[in-house]
Amino acid sequence: MELSHILDNLNDSQRQAVSAPPSNLLVLAGAGSGKTRVLVHRIAWLVQHEGYHPNSILSVTFTNKAAAEMKGRIEELMHTSTAGMWVGTFHSIANRLLRRHWKEAGIAQDFRIIDSDDQLRLIKRVYAELEVDEGKWPYKQAQWFINGQKDEGRRAGHIQAPELDLYLRNMQRIYLAYEQACERGGILDFAELLLRAHELWLNNPDLLHHYQQRFRHILVDEFQDTNTIQYAWLRVLAGDAVPMTIVGDDDQSIYGWRGAKIENIQKFKKDFKDPSMIKLEQNYRSTKRILDSANQLIAHNPDRLGKNLWTEGELGDPISLYAAYNEHDEARFIVDRIEEWASQGNSRIDAAILYRSNAQSRVLEEALVRASVPYRIYGGHRFYDRLEIKNALAYLRLLSNRDDDAAMDRVINTPTRGIGGKTLDILRQHANEQNISLWAAAKDLLSSNSLTGRARTTLGGFFDLIQQLSADTAGCDLYEQVDHVIQSSGLLEHHAKEKGEAGQARVENLKELVNAAKQFETGTMPLSALQDQDPDLELSPLSQFLDQAALDAGDLQADESHDYVRLMTLHSAKGLEFPLVFLSGMEEGLFPSRMSNEEPDRLHEERRLCYVGITRAMQKLYMSYAEVRRLYGSETYNKVSRFIRELPQEHLEELRPKASLSIPVSSKPSQLSAKNNVEIPDTGITLGQNVRHKLFGDGVVTNYEGKGDQARVQINFENEGSKWLVVGYAKLEAI
DNA sequence: ACTGTAGTGATTTTT
DNA sequence: TCACTACAGT
């Protein structure tokens, strides 16, 4: 077979990685070094050169987006379908295994997956059941605890809680009751999928052996993001039988706070047999100055595997640093730069504004709106997370599995049908006492005539509604089922009644859900990246659709327009690239976050986050910080981020050179009026004078304060309307 | 069932 | 500051 297409157009290290013998291999892939390319080409190499059957390849990613991209590129390169290959996220692959082997895994055949929102609701119910005081032990803390334990592979029963450790004893109690509630409802949360998949191997040696025979090679993307249970799952599956190719970058590990173990990369080198390592250091994305800056920054971190990005490309522009007076000034500056860039014939889609925390987006958004610049904020609510969608899905879940308490809990009185708190209490108590699901409890109470009056009527009404919906939609197409459910349940009407535009939007979303169901069935799903149906399994379309909704974000396709700026957190920018990038809020306390100040490891992760941010930029990078920032209602005066100081100064261009207007002011901060015509000492500039600033244009000097090189001049700029703007160290010329 | 108010807490997020 | 929650009152 002609194989040149697999190895052509690769650089030396890429080619080495792709064509390495099929044994354990670690590919240390720097940002923008073509790691997906290497993974895809390696799969093609294994199949077309080493003669592996496509079915014997297992390729694991973290996000659906990455999995979808990989599938697409494999098909493009190999001109074959990826249908037989196992390419998916850890969670979707775990789900696929558990759907097949639910018996061996000891779970319900029709188990449903719940997201963290439903998980929290369930935990709240457990609290009520156990009469735990929420004030003492916040719900979120229990959720954090449970997920953390599962990520480490620990069950509630494994925990050794000393009698005096009240925290641990309480958490264990909650974890235990939560486990039971999940068991009762046939519910699996995200962490449980992974834990069960791991236990599946441990408890069923024959099954493990079967899959070790089946998979001849395992490939893992973003290995630095694996947590303990994911590593363990891979470790057991691979054993000494299945070689692995892992790709990762320790310098881009930014998810330690949610359990990712950066050391898993080093562990791989120790735990797996004869691993070889190849570094991909040639970068095809950024200019030399950007790469040099990133390299020098990350060099401040200890214990790196070590890697230096280089490029054959241009030196490029310096990194521009802007010291804004406050967050509004910063936002205005960024918007001005974008408009300047757009006016030079560039597209706004090529520009991204990145920030450390979501709270920062608001001011930026305001500035964009004021300047009528189109933008889109990334992150936040996923399609399947919206209230109305979750409600609709809960009805569908209940149709698929009556025992799904999380679903029942959500819709039993949505829309309101007069089932009051008292009735619910009775129902829950009965369910707990009998250790049965809410649905079973309702059935019990209704048939035993132990309810009276209104409670009986309303609960009976709900019971009949679900049965009726089920009967009505038997044999229907999926989309008809969805459509029927949102209408007959009264959900559509309920949301339509909501006042304002919100109601309208919700109705639209519900219609979009029907549409999504239609497209899901016909296999033309633009909402989705998943499409990970197991051809060997007979799962109802509804179940498949619900799995999809649980495991996939359902992100809408990018807009038709290519003229909007993108705003996102540094975390969600990982894996992306933009010609023009702004890193905003480069201040101590914000970035690095004050929460990371205590532990060195957390600070290192912040530094890696900055490294990720810098390496997103292809052509031009701006960084900015605000001297004063309003945060949580009070003004904070932050120092410039240490990360700025860690950059090579020769690649930095300060848009406000400090030296150009250093004002030795010995007097107290002044409140002098602009009319006074007082000279600011040693500057030759007087209050009331007209000045020109190279970025802001013309203005009037109206005040100064501070002393020494801390002095600030306050200038009222004409083009800023009546706004006051204080500019420190500004380069000014008199006009 | 809806509405008002007082209290609270506030990186980062995928599945 | 502000957005979200729990709870009390109608």
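Just so it is clear, the model here is predicted, and its values are computed rather than measured. Within every chain, numbering begins at 1; the chains are lettered A, B, ... in the order of the sequence lines, protein sequences first and strands thereafter. Scope of the values below: all heavy atoms of this structure, side chains included, with no hydrogens, waters or symmetry mates.
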Could you list all N or O pairs between the protein and nucleotides 5-8 of chain B that sit under 3.5 Å apart?
none

**Prompt:** Does the pair A:I246 and A:N264 meet the rule for a side chain to side chain contact (heavy atoms under 4.5 Å, CB included), with working shown?
**Reply:** CA-CA 11 Å; A:I246 68 163; A:N264 281 349; over 6 Å; no
**Request:** Show the numbers, then the answer: is there a side chain to side chain contact (heavy atoms under 4.5 Å, CB included) between A:S584 and A:L354?
**Result:** CA-CA 6 Å; A:S584 66; A:L354 310 182; over 6 Å; no
**Prompt:** In Å, rounded to the nearest 0.5 Å, how long is the span from NE2 of A:H328 to CZ of A:R629?
**Reply:**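 Nearest 0.5 Å value for the NE2-CZ distance: 9.5 Å.
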**Message:** Let's go through A:W86 and A:F215 carefully: what are the C-alpha distance in whole Å and the side-chain angles of both, what is the deciding distance for ring pair (Phe, Tyr, Trp, His ring centres under 6.0 Å) to 0.1 Å, and is it a yes or a no?
**Reply:** CA-CA 9 Å; A:W86 285 48; A:F215 297 129; 5.4 Å; yes
**Prompt:** So, do A:F643 and A:H300 have ring centers that fall under 6.0 Å from each other?
**Reply:**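 Here the rings of A:H300 and A:F643 have centres that are no less than 6.0 Å from each other.
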Quick one: is [X] getting a side-chain N or O under 4.0 Å of the [N] phosphate, OP1 or OP2?
{"X": "A:T569", "N": "B:dT13", "result": "yes"}
{"X": "A:R362", "N": "C:dC2", "result": "yes"}
{"X": "A:N227", "N": "B:dT15", "result": "no"}
{"X": "A:N64", "N": "B:dT14", "result": "no"}
{"X": "A:N147", "N": "B:dT15", "result": "no"}
{"X": "A:N358", "N": "B:dT11", "result": "no"}
{"X": "A:S116", "N": "B:dT14", "result": "no"}

**Request:** Take A:H571 and A:R356, measure what side chain to side chain contact (heavy atoms under 4.5 Å, CB included) needs, and give me the verdict at the end.
**Result:** CA-CA 8 Å; A:H571 281 89; A:R356 176 68 240 266; 3.3 Å; yes
Please classify the nucleic acid contact of [X] as base, sugar-phosphate, or nothing, using heavy-atom distances under 4.0 Å.
{"X": "A:Y632", "answer": "base"}
{"X": "A:G418", "answer": "sugar-phosphate"}
{"X": "A:N597", "answer": "nothing"}
{"X": "A:Q360", "answer": "nothing"}
{"X": "A:S634", "answer": "nothing"}

Distance check needed: [N] [atom2] versus [X] [atom1], whole Å only.
{"X": "A:I254", "N": "B:dT14", "atom1": "CD1", "atom2": "P", "value": "11 Å"}
{"X": "A:L567", "N": "B:dT12", "atom1": "CG", "atom2": "P", "value": "14 Å"}
{"X": "A:L387", "N": "C:dT5", "atom1": "CG", "atom2": "P", "value": "11 Å"}
{"X": "A:E69", "N": "B:dT14", "atom1": "CD", "atom2": "P", "value": "17 Å"}
{"X": "A:E599", "N": "B:dT12", "atom1": "CD", "atom2": "C1'", "value": "15 Å"}
{"X": "A:H604", "N": "B:dT12", "atom1": "NE2", "atom2": "C1'", "value": "18 Å"}
{"X": "A:D117", "N": "B:dT15", "atom1": "CG", "atom2": "P", "value": "16 Å"}
{"X": "A:E365", "N": "C:dA3", "atom1": "CD", "atom2": "C1'", "value": "15 Å"}

Of all the choices, [options], which nucleotide is nearest to the side chain of [X] once you look at every atom?
{"X": "A:K124", "options": "C:dA6, B:dC2, B:dT11", "value": "C:dA6"}
{"X": "A:R602", "options": "B:dT11, B:dT14, B:dA1", "value": "B:dT11"}
{"X": "A:S357", "options": "B:dT15, B:dA1, B:dT11", "value": "B:dT11"}
{"X": "A:T63", "options": "B:dT13, C:dA6, B:dT15", "value": "B:dT15"}

**Prompt:** Which residue lies toward the 5' end of DNA chain B, A:I419 or A:H571, if each is placed at its nearest nucleotide?
**Reply:**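 Nearer the 5' end of the strand: A:I419.
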**Prompt:** With nearest nucleotides of DNA chain B determined for A:E605 and A:D115 from heavy-atom distances, which residue corresponds to the more 5′ nucleotide?
**Reply:**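 Looking at DNA chain B, the more 5' nearest nucleotide goes with A:E605.
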**Prompt:** Which whole number of Å gives the distance between the C1' atom of B:dT11 and that of C:dA6?
**Reply:**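 Each nucleotide's C1' atom is 25 Å from the other's.
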**Request:** With P as the reference atom in both, quote the distance from B:dT12 to C:dT5 in angstrom, rounded to an integer.
**Result:**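 Nearest-Å result for B:dT12 against C:dT5 at atom P: 16 Å.
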Please output the side-chain donor-acceptor pairs of residues 406-421 of chain A that fall under 3.5 Å, not counting sequence neighbours, one pair per line with the distance.
unit_1 : atom_1 : unit_2 : atom_2 : d
A:D409 : OD1    : A:R428 : NH2    : 2.6
A:R410 : NH1    : A:N391 : OD1    : 3.3
A:R410 : NH2    : A:D117 : OD2    : 3.1
A:N413 : OD1    : A:R417 : N      : 2.8
A:N413 : OD1    : A:G418 : N      : 3.4
A:N413 : OD1    : A:I419 : N      : 3.4
A:N413 : ND2    : A:I419 : O      : 3.1
A:T414 : OG1    : A:R410 : O      : 2.9
A:R417 : NH1    : A:V411 : O      : 2.9
A:R417 : NH1    : A:I412 : O      : 2.8
A:R417 : NH2    : A:Y395 : OH     : 2.9

**Prompt:** Does the side-chain ring of A:W257 sit on the six-membered ring of the B:dT12 base, less than 5.5 Å centre to centre and under 30° in tilt?
**Reply:**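 So yes, this residue stacks on that base, both cut-offs being met.
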**Message:** Go through it in stages, so that I can follow the logic: the residues are A:F582 and A:L364, the test is side chain to side chain contact (heavy atoms under 4.5 Å, CB included), and I'd like the CA-CA distance, side-chain angles, deciding distance and then a yes or no.
**Reply:** CA-CA 11 Å; A:F582 295 86; A:L364 293 163; over 6 Å; no
**Asked** Is there a donor and acceptor pair, one atom on the side chain of A:R630 and one on the base of C:dT1, closer than 3.5 Å?
**Response**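 Answer no: no donor N or O sits under 3.5 Å from an acceptor.
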**Message:** I'd like to know if A:R155 pairs up with A:E192 as an ion pair, taking the criterion as any Lys NZ or Arg NE/NH1/NH2 lying under 4.0 Å from an Asp or Glu carboxylate oxygen.
**Reply:**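 The answer is yes: the pair qualifies as a salt bridge.
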